[in-house]
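Presented below is the structure to which this report refers.
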Number of protein chains: 2
Amino acid sequence: MENMNIKKLAKELNLSVSTISKALHDSYEIKAETKEKVLALAKQLNYQPNPFASSLRRNSSKTIAVVIPEIAHNFFSLVINGIESIAEELKYHVLIYITHEIPEKEEQIIQHLLNGRVDGILISSSGTTNNNAHYHELVQKGIPFVFFDRANFDVDAPRVTTDDYQAGFQATEHLIKSHCKHYAFLSLSNQMSAINHRKDGFLAALKQYQIEPDYIHIIEAGTDETLSFQIIRDFLQPLPESLGIFSSVEKLAIQTYHICKEINIRIPKQLKIISFSNLPTAALLNPALSTLTQPAFSIGKEAALLLFQSIKNKGKIQHITSLPNIILKSTLFIRESTKM
Amino acid sequence: MENMNIKKLAKELNLSVSTISKALHDSYEIKAETKEKVLALAKQLNYQPNPFASSLRRNSSKTIAVVIPEIAHNFFSLVINGIESIAEELKYHVLIYITHEIPEKEEQIIQHLLNGRVDGILISSSGTTNNNAHYHELVQKGIPFVFFDRANFDVDAPRVTTDDYQAGFQATEHLIKSHCKHYAFLSLSNQMSAINHRKDGFLAALKQYQIEPDYIHIIEAGTDETLSFQIIRDFLQPLPESLGIFSSVEKLAIQTYHICKEINIRIPKQLKIISFSNLPTAALLNPALSTLTQPAFSIGKEAALLLFQSIKNKGKIQHITSLPNIILKSTLFIRESTKM
DNA sequence: GAAGAGTACGAAAACGATTTCGTAATTAAA
DNA sequence: TTTAATTACGAAATCGTTTTCGTACTCTTC
């Protein structure tokens, strides 16, 4: 009685394998009485269909993959929560892959997923904007995928992003109205779509308020922890006069806080800072951090919905419908870190 | 050329399907020259083996499941990072399931995983200590699994936990030496192993220092967000004199901070607090939070290693070797929130 | 009562890889 | 030279489902 399967059920009930299968799928070909018998025995013997046999035959796995740069990161774990809420409802399984911000790793993962292990993929890209061959292979293989937050705009795939440009503009405007002199943008890299849009908003605001280029600093801190610490520390010594920082990601803002604590820079007196962040403790920091908060859970949810829709429509004639491109709004929370 | 498979490779090279399969697996039966030809063509035509066919035949999926109560939680996402680091190395895939602290959900997930979709499971239990039928079914089915952090001690499975009792004792001793009068333990539920061990350490320390029962409070805040807020708020109004709080989980400490801010309780003057936590911003809070920090990444890593070892040994004779039970140490960080 | 429709099932062919068991051909040993 | 061993491959069964075709049988309908 090691493992129950359809064949054993069939033998037990003196029915054929196909009848059992059809009964379990509530086929119209099978009469109610037989269905009941089959269901009853299946439950009694604790029958569980073999997922691989089923996937092999049906060529679908009821599984999606989520490919993200990091997981120990409030934003991404909230997104996963959103994704899971939908996947769970539709009885899909969720595979997690972490790229650690390494584009080659991402390529390798995507390359692997070409084998049909998953029915669809949700990606927050770690890649440079240049290399998108692996995305095109997905398209070619007909594997649906959806970008969220960090998209590759050269690839023809649905996207769920936030209003990064507007939010960047808004945050910067807020800094300007707090009367800073120097303005700095903390970036991870100049190859990530979301971050670049934030930077564009930053620059546009500064332009509109006619801030001189001499007072504008773009700091590319990179993804390496110790290196970015060093880069930020170097930038803050000597401290530019009346500095306003707009951090494009939470991690860099936290590093900045640590550095300020270390070398005794007073926030917001000497340095004002606002950051994109989903920190549940932003309001409890010393001082409380002004944030631009993305609706992370909703991003995950919307991206998943888009993906499942895409999976469902697979094979059907692609109408000339425009590419789904959902843009959600971030929320500005003004706190002490940008006080005048 | 839709999908490449072994059969097409075979036809192309005028070889049999079995020869191709063996060549791809570097079998000794196939001569070097043939292997090279096969490998070359496979690479050229971008052949990727169908994972379901392979899993079906081999009865193994190269996939593990991680079942956790929450994901938007520093501890658990760090653990996942640790798990992923090992899984990635061994080329295993990682499925994530979230129970949202609902025991029935956990049972349902485990029940589903009985079908062989995964080769092994890592679990941080959401269950009450009573119900462990689903774990026994796993044992019976021969599906390896490992508990981490929150284990069920009635079930015969490897565990990776931390020195919760000692850490609880140590944290409480620290509070006592900071001269509190009242002592409170914030718990989620009295059904979780790790939390109960922390509580035992808490109580033992208070006993050793002969603190009167009247000054000892056990607060079960539960897993519901709004409810736990209310419970903690109620406890803090009116505020017990010279209160020292030991929070068993990060979330409750953060809620306490929020409440203190709201109703103007000064930390550490009126209330001292220490908490189990993996917050990267603990030192930046206002005031900086004293923490007991678990080696979350290592917990994930060790648990994964244990699981893979267990998967490898599957089927082999179980020696009388003692049950693997790894206990890692937490680290105490004393900060301002418990200052005298 | 003959034709057609509908009902309820079974046989067998997939899905794509792995693996067991043969077996020709070559080489080595006696 | 004969026998045994080794090498290098192929045929076919197998994993457990799903699905396509049949096909008996019953029930209408005129």
Side-chain angles (χ1 to χ4, degrees), chain A residues 1-39 41-42 45-63 112 114-119 141-142 315, chain B residues 1-39 41-42 45-63 112 114-119 141-142 315:
Chain A
M1 216 189 70
E2 235 306 287
N3 258 332
M4 199 38 58
N5 57 31
I6 283 193
K7 209 183 279 180
K8 291 182 193 165
L9 290 181
K11 186 169 288 174
E12 192 78 23
L13 290 173
N14 262 329
L15 288 170
S16 79
V17 180
S18 30
T19 303
I20 304 288
S21 176
K22 287 171 188 166
L24 291 172
H25 288 90
D26 201 24
S27 158
Y28 70 97
E29 292 184 37
I30 309 298
K31 69 175 173 196
E33 193 191 318
T34 309
K35 282 182 192 170
E36 280 169 30
K37 270 199 296 186
V38 172
L39 267 306
L41 188 70
L45 299 184
N46 203 15
Y47 165 75
Q48 299 264 64
N50 181 310
F52 306 121
S54 176
S55 289
L56 175 59
R57 186 58 231 252
R58 297 190 112 135
N59 200 25
S60 99
S61 59
K62 292 290 256 177
T63 303
H112 177 94
L114 248 28
N115 68 7
R117 185 181 287 273
V118 296
D119 296 346
K141 271 266 185 177
Chain B
M1 216 190 67
E2 236 305 288
N3 259 332
M4 198 39 60
N5 58 29
I6 281 194
K7 209 183 278 181
K8 291 183 193 164
L9 289 182
K11 186 168 286 175
E12 192 78 23
L13 289 174
N14 262 329
L15 287 170
S16 79
V17 180
S18 29
T19 304
I20 303 290
S21 176
K22 288 171 189 166
L24 290 171
H25 287 89
D26 201 24
S27 158
Y28 70 97
E29 291 184 38
I30 310 299
K31 70 175 172 198
E33 194 191 315
T34 310
K35 282 181 192 170
E36 280 169 30
K37 271 197 297 186
V38 172
L39 268 304
L41 188 71
L45 299 184
N46 202 16
Y47 166 75
Q48 299 264 62
N50 181 309
F52 305 121
S54 177
S55 289
L56 175 58
R57 184 60 231 251
R58 297 189 113 135
N59 200 25
S60 100
S61 59
K62 291 290 254 176
T63 304
H112 177 94
L114 248 28
N115 68 6
R117 184 181 288 273
V118 296
D119 295 345
K141 270 265 185 179

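When reading the values below, keep in mind they use all heavy atoms of this one structure, side chains included, and skip hydrogens, waters and symmetry mates. Chain identifiers are assigned alphabetically (A, B, ...) following the order of the sequence lines, protein sequences preceding nucleic acid strands; residue numbering begins at 1 within each chain.
- Side-chain nitrogen and oxygen atoms of A:Thr34 include at least one within less than 4.0 Å of the OP1 or OP2 phosphate oxygen of C:dC9.
- Between B:Arg117 atom CZ and D:dC15 atom P the separation is 21 Å, expressed in whole Å.
- Using a 4.0 Å heavy-atom cutoff across all strands shown, B:Asn115 reaches no nucleic acid atom at all.
- B:Asn50 places its CG atom 17 Å from the P atom of C:dA14, with the value rounded to the nearest Å.
- In this structure, A:Ile30 CD1 and A:Ile20 CD1 are separated by 8.5 Å, a value rounded to the nearest 0.5 Å.
- With values rounded to the nearest 0.5 angstrom, A:Leu39 atom CG is found 11.0 Å from A:Thr34 atom OG1.
- Nearest to the side chain of B:Lys31, among C:dG10, D:dA8, D:dT18, sits D:dA8.
- Considering only the side chain of A:Thr19, C:dG10 comes nearest among C:dG16, C:dG10, D:dC9.
- Between A:Ser54 and D:dT18, a side-chain N or O to OP1/OP2 separation shorter than 4.0 Å is present.
- Interatomic distance, B:Lys35 NZ to B:Glu29 CD, rounded to the nearest 0.5 Å: 10.0 Å.
- Residue B:Ser18 places its side chain closer to D:dA12 than to any other of D:dT19, D:dC9, D:dA12.
- A distance-only check finds a donor-acceptor pair linking the side chain of A:Ser61 to the backbone of A:Arg117 [under 3.5 Å].
- When the side-chain nitrogen and oxygen atoms of B:Ser16 are compared with OP1 and OP2 of D:dA11, none of them lie within a distance under 4.0 Å.
- Nearest to the side-chain atoms of A:Arg57 among the listed nucleotides C:dA13, C:dG10, C:dG16 stands C:dA13.
- Rounded to whole Å, atom P of C:dT18 lies 14 Å from atom NZ of B:Lys7.
- Rounded to an integer number of Å, the gap from A:Lys62 NZ to D:dT17 P is 17 Å.
- Of the listed nucleotides (D:dG10, C:dT18, C:dA17), D:dG10 has the atom at the smallest distance from the side chain of B:Lys22.
- Distances shorter than 4.0 Å separate none of the side-chain N or O atoms of B:Ser21 from OP1 or OP2 on C:dA17.
- For B:Ile20 and A:Asn5, each mapped to the nucleotide of DNA chain D holding its nearest heavy atom, the one lying further toward the 5' end belongs to B:Ile20.
- For the pair A:Val38/A:Leu13, a side-chain contact is recorded, criterion being any heavy-atom separation below 4.5 Å from C-beta on.
- Protein atom NZ of B:Lys8 is 8 Å distant from nucleotide atom P of C:dG16, rounded to whole Å.
- Looking at which nucleotide of DNA chain D each of A:Ile6 and A:Glu29 is closest to, the 5′-most match is held by A:Ile6.
- C:dT7 atom P lies 16 Å from atom CD of A:Glu33, rounded to whole Å.
- Remark: the backbone N or O of A:Asn115 is not paired with any side-chain donor or acceptor of A:Lys141 at under 3.5 angstrom.
- Rounding to whole angstrom units, CG of residue A:Asn14 and C1' of C:dA11 are separated by 16 Å.
- When the P atom of D:dG10 is taken as reference, atom CG of B:Leu13 falls 10 Å away, rounded to whole Å.
- Taking 4.0 angstrom as the limit, A:Tyr47 places a side-chain polar atom (N or O) nearer than this to OP1 or OP2 of D:dT17.
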